[in-house]
Structures are given as C-alpha cells and as structure tokens.
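Both counts, for ligands and for their atoms, begin at 1 and track the order of listing.
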Amino acid sequence: MPLLKLGIPKGSLEEATIELFAQAGWNITAHARNYYPDIDDPDIRCALIRAQEMAPYVERGALDLGLTGLDWILESQAEVEQICTLTYSKVSNRPSRWVLVVPQDSPIQRIEDLAGKKIATELVGFTKRYLAERGIEAAVEFSWGATEAKVVEGLVDAVVEITETGSTIRAHGLRIVEDLLITETRLIANPQAMQDPSRRAKIEQIALMLQAALRARHKVALKCNVPAECLDAVVALLPSLHAPTVSHLYDRQWLALETIVDAASVRDLVPKLSAAGAQGILEYRLNKMV
Ligand SMILES: Nc1ncnc2c1ncn2[C@@H]1O[C@H](COP(=O)(O)OP(=O)(O)OP(=O)(O)O)[C@@H](O)[C@H]1O
Ligand SMILES: O=P(O)(O)OC[C@H]1O[C@H](OP(=O)(O)OP(=O)(O)O)[C@H](O)[C@@H]1O
Ligand SMILES: [Mg+2]
C-alpha cells in the first residue's frame, strides 16, 4: 500500500498524542532535531506539524491524516474529513474551552459590552466571526502568545484564550465572561485519501484503535467472589448496562463475578460491594475497549 502520511501535532498536544498512540499499539519516537518521528508501522510515515497548520496540510493532501484541535480546524476553515473526536487535551482526558476573559474589576459583564473595545487572541478569525454573528463591533488583534498578560497590563480590554485546568486564568486573577468554544482533539483526513481503499482501511484501523484506547481510560474491570446467597444483592449494586459475567468457583457455594464499570465510580462502589458480601475484590486497568 502507499505510505500513509500522518501528522502528529507539535506543541501542547504532542506528548499526549504520542502516549495515546502507544496505548493504541503504535510506538512513535520523536527525535530532538528533526520533525520526522519514527513509527513502528511500515505503512505509516509521521511528521510533526504545528496544530495550527494541520488542517490546511491535510486539506491539500500533503498529509493524509492528522490530529489537531477543533479550534484550529474551525480557524483555518479547511475542508477536511473529520473522522472522529478524541477527547483529550494537554494534561487531561477532557475538552478545553476558549473563553472571553477580562480583569476582575472590568466593566465588561456580557459579551455585548465588547462593542468598541479591543480584544487580543491567537484565534482571530473565529473570534471575529463569533462577534460578527452577534452584531458586535470590536477590534480583534492577533496575539503571538502569553495573551493573558496583555489584559492584565491593560494593553487590551479583553482576551480570548484557551483554558484547560483554569490555572493560568486564576494565576492572572482574571474573570471569565463567556465560553466561545468547547474544543477537543479531532482525527482529520484528506477527502481523496478516504476514496483510496487501502489508505481508508488504514485510517479506519487507526481511528478504531485510538478511540478504543481513549474509551478504556474511563473504565476499569472489577472482579470479586461472592457467596451464592449474596449474589443478588451484589449484582443489584452494579450499573444495569454492564451485566456481569458470573461463573462458579470450585466450591459451588461461591461465584466469581466480573464486570466493567466507570473508573470514577469505583471508590463508592467497592465499599458497597464489600458490605454486600463480596470478597477478594480486584480492580484492573483496561488498555482498550472496542
Ligand atoms: N492546555 C492546553 N493549552 C493549550 N492548547 C491546548 C491545551 N490542551 C489542548 N490544546 C490544544 O492544542 C492545540 C494548540 O497547540 P499548539 O502547541 O499548537 O499551541 P500552543 O500550546 O499555544 O503552543 P506553544 O507551546 O507554542 O504556546 C489546540 O488545538 C488546542 O486546542
Ligand atoms: O487553563 P490552563 O491549564 O492553565 O491552560 C491554558 C494555558 O495554556 C496555554 O498556554 P501556553 O502554554 O500555550 O503558552 P502561550 O500563552 O505562550 O501560548 C494557553 O494559551 C493558556 O495560557
Ligand atoms: Mg500557546
């Protein structure tokens, strides 16, 4: 098959993306001084590309496939096929938000109060369109970064910035006026590449495995042994969607129970299972969930 040209986002998403590929089954090794990381799949050639430039390169076919944020796909207005959403950011498995922020004591309370004001952002096109759709006339200027500092210094009236954990906004003592966009990582493909059966198959394989790896991060497997007389009480505690597998132990008075649950529910669930008579409770991490 022809080599599939894959763009890995350089910058904020780089580490998290390489980690996700590793969990999905592909080892990518970045090198300090070149932008062509190795990948242990002879069908794929990798390139490190800025998230901001990913969609235009995928649109024109310089890359068949790439990962970038929804924010930069919208900003570039590139025509690419969005294969799937992969909800992870720089440090978490959650989306990030582009927000309008002002100093705590600013008179700006609502987005409409921006009329006649000056705003700095890296996401200029999106912000201009967002304001135009609401009939708000304001000056939007490009910021090369460290954007929060500009509103603190009074260089502009407001900034539109991305926030994930909220720590940068807190550190600058800023106030969020409005959410403009919830963004998460997307897998995007060149439309012609999707017409080619062998590249399409490879893209679908990658999409399936990346989604399976991400899904598994939110779930765990639970195993326990239950005396037969406690089985109904223990099963009643488990979420109904996840019907448990039940098998007999050598001692027929005991049953082994296995199920998949939300990782976040475990700290509440395990004490309840124990109180209902479950013993030898084990929790396993999962690597993939299809
Ligand atoms: N915590 C985060 N901070 C910034 N961007 C993030 C974060 N989490 C995810 N992203 C996504 O990463 C992409 C931006 O990454 P990129 O590395 O190109 O910009 P950057 O983080 O501003 O780079 P730089 O390190 O040069 O400031 C966007 O699609 C954005 O949605
Ligand atoms: O809500 P948080 O988790 O604090 O993350 C958001 C911050 O991270 C990014 O900064 P980056 O590291 O890209 O620096 P930059 O401002 O120079 O682009 C972004 O521009 C915010 O400043
Ligand atoms: Mg930045």
Side-chain angles (χ1 to χ4, degrees), residues 6-21 23 28 30 32-33 35 37 46-59 62-63 65-78 80 82-104 119-127 129-130 140-153 155-156 158-189 210 213-214 217:
L6 167 66
I8 301 293
K10 184 171 163 42
S12 285
L13 292 172
E14 181 176 340
E15 240 184 79
T17 301
I18 291 175
E19 247 173 56
L20 180 63
F21 269 88
Q23 192 189 333
I28 296 175
R33 282 304 343 139
Y35 295 126
C46 275
L48 274 178
I49 303 285
R50 293 286 303 188
Q52 293 85 341
E53 298 173 315
M54 192 69 76
Y57 280 123
V58 170
E59 178 182 37
L63 297 169
L65 187 67
L67 296 99
T68 187
L70 172 66
D71 41 14
W72 291 107
I73 300 171
L74 296 176
E75 179 70 10
S76 70
Q77 298 184 302
V80 292
Q82 299 196 20
I83 306 299
C84 62
T85 293
L86 299 164
T87 305
Y88 69 93
S89 295
K90 187 185 200 168
V91 298
S92 71
N93 292 315
R94 288 191 303 271
S96 297
R97 303 148 63 197
W98 282 87
V99 289
L100 177 77
V101 291
V102 296
Q104 285 293 350
I119 304 153
T121 183
E122 287 180 69
L123 208 63
V124 171
F126 177 87
T127 302
R129 289 192 290 275
Y130 187 94
V140 181
E141 57 182 41
F142 179 71
S143 166
W144 286 95
T147 310
E148 292 88 349
K150 292 172 182 161
V151 73
V152 175
E153 297 293 320
L155 303 178
V156 292
V159 299
V160 171
E161 241 303 11
I162 189 165
T163 177
E164 181 182 357
T165 64
S167 55
T168 309
I169 289 177
R170 270 194 302 280
H172 288 85
L174 299 171
R175 165 163 61 82
I176 296 178
V177 176
E178 179 158 320
D179 278 60
L180 276 65
L181 173 69
I182 306 281
T183 181
E184 71 292 87
T185 312
R186 298 263 165 115
L187 185 67
I188 54 173
L210 292 177
L214 259 191
R217 291 182 179 180

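- Residue Asp71 holds the heavy atom nearest to atom 28 (C) of ligand 1 of all those in Asp71, Leu70, Leu13.
- Near Glu122, meaning under 4.0 Å from any of its heavy atoms, are these atoms of ligand 2: 18 (O).
- Other residues, nucleotides and ligands place no more than 12 heavy atoms under 6.0 Å from the CZ atom of Arg94.
- Only backbone heavy atoms of Ala146 (N, CA, C or O) come within less than 4.0 Å of ligand 2; its side chain stays farther off.
- For ligand 2, the polar-atom distance check against Ser12 finds no nitrogen or oxygen pair separated by under 3.5 Å.
- Distances below 4.0 Å separate heavy atoms of Glu148 from the following atoms of ligand 2: 21 (C), 22 (O).
- Considering both main-chain and side-chain atoms, Thr147 never comes within under 3.5 Å of ligand 2 through any nitrogen or oxygen pair.
- Within the 3.5 Å criterion, the main-chain N or O of Ser92 finds no donor-acceptor partner in the side chain of Ser89.
- Classification of Glu184 and Arg186 as a salt-bridged pair holds, one side-chain N sitting under 4.0 Å from a carboxylate O.
- For Lys10, the closest heavy-atom approach to ligand 1 falls below 4.0 Å.
- Considering backbone and side-chain N/O atoms, Trp98 never comes within less than 3.5 Å of an N/O atom of ligand 1.
- Heavy atoms of Ser12 found under 4.0 angstrom from ligand 1 belong to the backbone as well as the side chain.
- Taking a 4.0 Å cut-off on heavy atoms, Gly145 fails to register as neighbouring ligand 1.
- Inside a 4.0 Å radius of atom 11 (P) of ligand 2 there is not any protein heavy atom.
- Shortest contact from atom 18 (O) of ligand 1 to any protein heavy atom: Gln52 OE1, 2.7 Å.
- Without hydrogens or angle criteria, Gln23 side chain to Ala213 main chain gives a donor-acceptor distance under 3.5 Å.
- When all heavy atoms of Val124 and Thr121 are compared, the closest pair comes out as CG2-O, 3.6 Å.
- Using a 4.0 angstrom heavy-atom cutoff, Arg170 does not count as in contact with ligand 2.
- Residue Lys90 has at least one N or O atom closer than 3.5 Å to an N or O atom of ligand 1.
- The distance from the OG1 atom of Thr68 to the CZ atom of Arg50 is 10.0 Å, given to the nearest 0.5 Å.
- Protein heavy atoms come within 4.0 Å of atom 1 (O) of ligand 2.
- With respect to atom 22 (O) of ligand 1, the closest heavy atom belonging to the protein is Glu122 OE1, 4.0 Å.
- At a distance under 4.0 Å, a protein heavy atom can be found next to atom 5 (N) of ligand 1.
- The nearest protein atom to atom 24 (P) of ligand 1, hydrogens excluded, is given as Arg50 NH2, 4.0 Å; this is a heavy-atom distance.
- Ranking protein heavy atoms by distance to atom 13 (C) of ligand 1, first place goes to Ala51 CB, 3.8 Å.
- Paired with Ser143 under the rule side chain to side chain donor-acceptor pair (under 3.5 Å), one option of Glu148, Glu161, Lys150 passes, and it is Lys150.
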